[in-house]
Amino acid sequence: MDINDIPTTGASCATAKQDKLKVCGVEASKKMAQNDLGRINKYKSNILSVAKQKNTDPSIIAGIMSRESRGGSVLKDGWGDHNNGFGLMQVDKRYHTPKGTWYSETHIAQAVDIFNSTYNQIEKKFPGQPKEGLLKGAIAGYNTGAGNVRDLNNVDQCTTGNDYGNDVVARAQFFKSNGY
């Protein structure tokens, strides 16, 4: 499945304001991803390595990294979210024991394992649904937990900014077109 086949509405206007953008939606998501590209590229070899090991699209990893930590730029000593989120992909210490250093391949692998587990939970919760919907549901579930994804047609109703799944899909589409 290709991330470009997943329909998305992109970032909300509130999310777009992080970068003082005057646009919302897919255009805003792609601009924010572009703003993060240089930082994300520092971790490209780790992203590609983990993606291959875990059979996960590297563009999704980069998209989550962009949304969660802006490629590390919003972290303080590797921590974000009021010191609850660890690393580039913000593994929540309230639910997981963070592994590795905040930018390491070990950290990225742990986060991708959490994402893949979330995908499996979404797949069980919504049997027989199209893979595109399951994938967007898993991306939303990475943020809010699989139990809070109640409808694959409205995956973001419980996510941060009510746009997490759609925003990450649009960012991933940008990263896909930039070598991920």
Side-chain angles (χ1 to χ4, degrees), residues 1-37 39-40 47 51 54 56-74 80-81 85 87-92 108 111-112 114-180:
M1 172 183 16
D2 187 336
I3 193 74
N4 290 314
D5 294 337
I6 299 177
T8 182
T9 56
S12 68
C13 293
T15 298
K17 285 182 180 166
Q18 290 176 7
D19 287 19
K20 298 175 177 58
L21 300 177
K22 298 196 185 324
V23 296
C24 311
V26 173
E27 187 179 348
S29 294
K30 291 186 177 184
K31 180 65 179 154
M32 287 185 289
Q34 183 177 22
N35 291 344
D36 295 338
L37 183 61
R39 290 184 294 272
I40 301 289
I47 293 168
K54 306 288 183 184
T56 301
D57 185 334
S59 70
I60 294 170
I61 299 170
I64 290 172
M65 207 177 274
S66 173
R67 171 69 186 235
E68 289 287 347
S69 73
R70 304 306 305 267
S73 69
V74 300
D81 189 22
L88 292 167
M89 296 180 74
Q90 290 293 276
V91 171
D92 193 318
I108 296 167
V112 171
I114 294 165
F115 171 74
N116 287 337
S117 172
T118 303
Y119 182 91
N120 293 336
Q121 292 170 54
I122 294 293
E123 193 172 41
K124 284 185 184 127
K125 188 173 182 173
F126 300 100
Q129 293 300 305
K131 296 269 188 222
E132 294 81 9
L134 296 173
L135 184 57
K136 193 193 289 185
I139 292 168
Y142 181 83
N143 172 252
T144 192
N148 289 315
V149 178
R150 299 185 182 113
D151 178 357
L152 292 182
N153 293 314
N154 185 15
V155 297
D156 285 326
Q157 62 187 344
C158 295
T159 65
T160 303
N162 300 111
D163 68 346
Y164 187 96
N166 280 287
D167 181 28
V168 170
V169 167
R171 291 182 197 221
Q173 290 170 347
F174 170 85
F175 285 111
K176 178 68 93 178
S177 70
N178 282 274
Y180 286 85

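Every value quoted in this text rests on a predicted model; they were computed, and no experiment measured them.
- Under the rule for a side chain to side chain contact (heavy atoms under 4.5 Å, CB included), the partners of Asp92 that lie at least two apart in sequence or sit in another chain are Asp81, Asn84, Arg94, Tyr95.
- Every side chain to side chain contact (heavy atoms under 4.5 Å, CB included) that Thr118 has, sequence neighbours left out, goes to Ile114, Ile122, Ala146.
- Without hydrogens or angle criteria, Asn166 side chain to Thr9 main chain gives a donor-acceptor distance under 3.5 Å.
- Under the rule for a side chain to side chain contact (heavy atoms under 4.5 Å, CB included), the partners of Thr160 that lie at least two apart in sequence or sit in another chain are Arg67, Asn143.
- Proximity of Val149 to Phe126: side-chain heavy atoms (C-beta onward) are separated by under 4.5 Å at one or more points.
- Remark: Ser59 engages Asp57 in a side chain to side chain donor-acceptor pair (under 3.5 Å) (not counting sequence neighbours).
- Using a cut-off of 4.0 Å between Lys/Arg side-chain N and Asp/Glu carboxylate O, Lys131 and Asp5 are scored as not salt-bridged.
- The closest donor-acceptor contact from the side chain of Ser29 to the backbone of Ala11 lies under 3.5 Å.
- Evaluation of the disulfide bond (SG atoms under 2.5 Å apart) rule for Cys158 yields no partner, not counting sequence neighbours.
- For residues 141-154, no pair satisfies salt bridge (Lys or Arg N to Asp or Glu O under 4.0 Å), with sequence neighbours left out.
- Listed by chain and number, the residues in a salt bridge (charged side-chain N to carboxylate O under 4.0 Å, His left out) with Lys54 are Asp113 (sequence neighbours excluded).
- Counting all heavy atoms, side chain and backbone alike, Glu68 lies closest to Tyr142 at OE2-CE2, 3.9 Å.
- For Lys17, there are no salt bridge (charged side-chain N to carboxylate O under 4.0 Å, His left out) partners at least two apart in sequence or on another chain.
- Residues forming a side chain to side chain contact (heavy atoms under 4.5 Å, CB included) with Asn120 (at least two apart in sequence, or on another chain): Glu123.
- Arg39 places no side-chain N or O within donor-acceptor distance of the main-chain N or O of Gly72, the cut-off being under 3.5 Å.
- Separating the CZ atom in Phe115 from the CD1 atom in Ile64 is a distance of 5.5 Å, to the nearest 0.5 Å.
- Gln34 is linked by a side chain to side chain donor-acceptor pair (under 3.5 Å) to nothing, counting only residues two or more places apart in sequence or in another chain.
- Contact record, Lys31 with Leu21: CG-CD2, 3.6 Å, taken as the closest heavy-atom pair.
- The closest donor-acceptor contact from the side chain of Gln173 to the backbone of Ile3 lies under 3.5 Å.
- The closest side-chain heavy-atom distance from Ile40 to Ile47 is below 4.5 Å.
- What you find for Ser73 and Arg70 is that their closest heavy atoms are OG-O, 3.1 Å.
- Listed by first and then second residue, the ring pair (Phe, Tyr, Trp, His ring centres under 6.0 Å) pairs involving residues 145-180 are Phe175-Tyr180 (not counting sequence neighbours).
- Annotation: side chain of Asp36 is not in contact with side chain of Met65 (no heavy-atom distance under 4.5 Å).
- Between Ile108 and Met89 the shortest side-chain heavy-atom distance falls below 4.5 Å.
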### Task
Would you sort out whether Gln157 and Thr144 count as a side chain to side chain contact (heavy atoms under 4.5 Å, CB included), showing the intermediate values?
CA-CA 10 Å; Gln157 62 187 344; Thr144 192; over 6 Å; no
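- A donor-acceptor distance shorter than 3.5 angstrom exists from the side chain of Lys125 to the backbone of Gly147, with no hydrogens or angles considered.
- The line from NZ of Lys30 to CG of Leu37 is 13.5 Å long, rounded to the nearest 0.5 Å.
- Looking at Asp167, its side chain never comes within 3.5 Å of a backbone N or O of Gly10 through a donor-acceptor pair.
- Taking the side chain as every heavy atom from C-beta outward, Ile139 and Val155 never approach each other to under 4.5 Å.
- Ser12 is linked by a side chain to side chain donor-acceptor pair (under 3.5 Å) to Thr15, Asp163, counting only residues two or more places apart in sequence or in another chain.
- A donor-acceptor pair is defined here as one N or O able to donate and one able to accept, closer than 3.5 Å; no such pair exists between the side chain of Glu27 and the backbone of Cys24.
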